[in-house]
Amino acid sequence: KSQVECLVSLFDTLVAKASSDFAGVGFNRVVFRDTLHSAFGMTDDVVLDRVFSVFDGDNDGCITVAEWVEGLGVLLRGTLDEKIKYCFQVYDLNGDGYISREEMFQMLKNSLLIQSADEEPDEGIKDLVEIALKKMDHDHDGKLSFTDFEKAVKDENLLLEAFGPCLPDLK
């Protein structure tokens with residue numbers, strides 16, 4: 001109960017700070033992104049936008065107190081199953097229920113720093129996508145269903161954030 005009260009108190013502070021169309025009800029993408037950036041060090045714009053979309057359950061562009069508490073509950077205290085569902089939703093960019101090669105490519109392209117000048121950066125990312133599919137695509141249909149993703153993560157927990165950091169680090 002005290003943890004929920006703490007989240008609600010933080011929510012109220014953020015709403016008061018936000019001068020937006022949602023004043024009193026919630027806050028927008030900008031306040032959300034700033035908060036996750038400062039609290040958890042999340043910097044990837046694509047990931048932050050996707051996390052906002054997952055939190056914003058009714059897709060109205062406003063994070064309400066219920067969405068805030070539920071979303072942070074998963075981020076901070078969620079079970080492995082809840083985190084698997086959350087990460088899958090973040091990586092499923094178009095919301096079609098699959099993580100396609102293109103979606104993997106986009107997520108990896110944004111989250112990886114390519115150092116080598118010898119190799120075309122996109123080639124290395126394409127290779128990583130193929131490796132990920134080989135490891136995770138259990139039904140061999142060329143894309144990851146939720147079932148594929150869930151099985152891969154349960155077999156190897158490190159794959160939970162395979163396509164980019166979308167959970168706070170342990171600190």
Backbone N/O of [Y] and side chain of [X]: donor-acceptor pair under 3.5 Å:
| X | Y | value |
| --- | --- | --- |
| Asp127 | Glu130 | no |
| Thr35 | Val31 | yes |
| Asp49 | Ser53 | no |
| Asp137 | Asp141 | yes |
| Arg50 | Asp92 | yes |
| Glu150 | Ile84 | no |
| Gln106 | Glu103 | no |
| Tyr86 | Leu167 | no |

What is the distance from atom [atom1] of [X] to atom [atom2] of [Y], rounded to the nearest 0.5 Å?
| X | Y | atom1 | atom2 | value |
| --- | --- | --- | --- | --- |
| Leu160 | Cys166 | CG | SG | 6.5 Å |
| Ile99 | Gln89 | CD1 | CD | 10.5 Å |
| Tyr91 | Met104 | OH | CE | 11.5 Å |
| Asp12 | Leu7 | CG | CG | 11.0 Å |
| Lys109 | Glu102 | NZ | CD | 13.0 Å |

Cluster link [X] to [Y], ILVMFWY, side chain under 4.5 Å:
| X | Y | value |
| --- | --- | --- |
| Leu159 | Phe149 | yes |
| Leu108 | Leu48 | yes |
| Val46 | Phe32 | yes |
| Val153 | Ile131 | no |
| Val47 | Val30 | no |

*Tell me, do Phe163 and Leu93 make a side-chain contact under 4.5 Å, heavy atoms counted?*
no
*Answer yes or no: is there a side-chain heavy-atom contact under 4.5 Å between Leu72 and Phe55?*
yes
*Kindly give the heavy-atom pair with the smallest separation between Cys62 and Gly26, and that separation in Å.*
SG-CA, 3.6 Å
*Using a strict 4.0 Å threshold on nitrogen-to-oxygen distance, state whether Asp148 and Lys143 make a salt bridge.*
no
*asked:* Strictly below 4.0 Å, N to O, side chains only: are Glu82 and Lys85 in salt-bridge contact?
replied: no
*asked:* Using side chain to side chain contact (heavy atoms under 4.5 Å, CB included), reason through Leu133 and Leu144 one step at a time and then give a plain yes or no.
replied: CA-CA 7 Å; Leu133 276 171; Leu144 297 184; 4.2 Å; yes
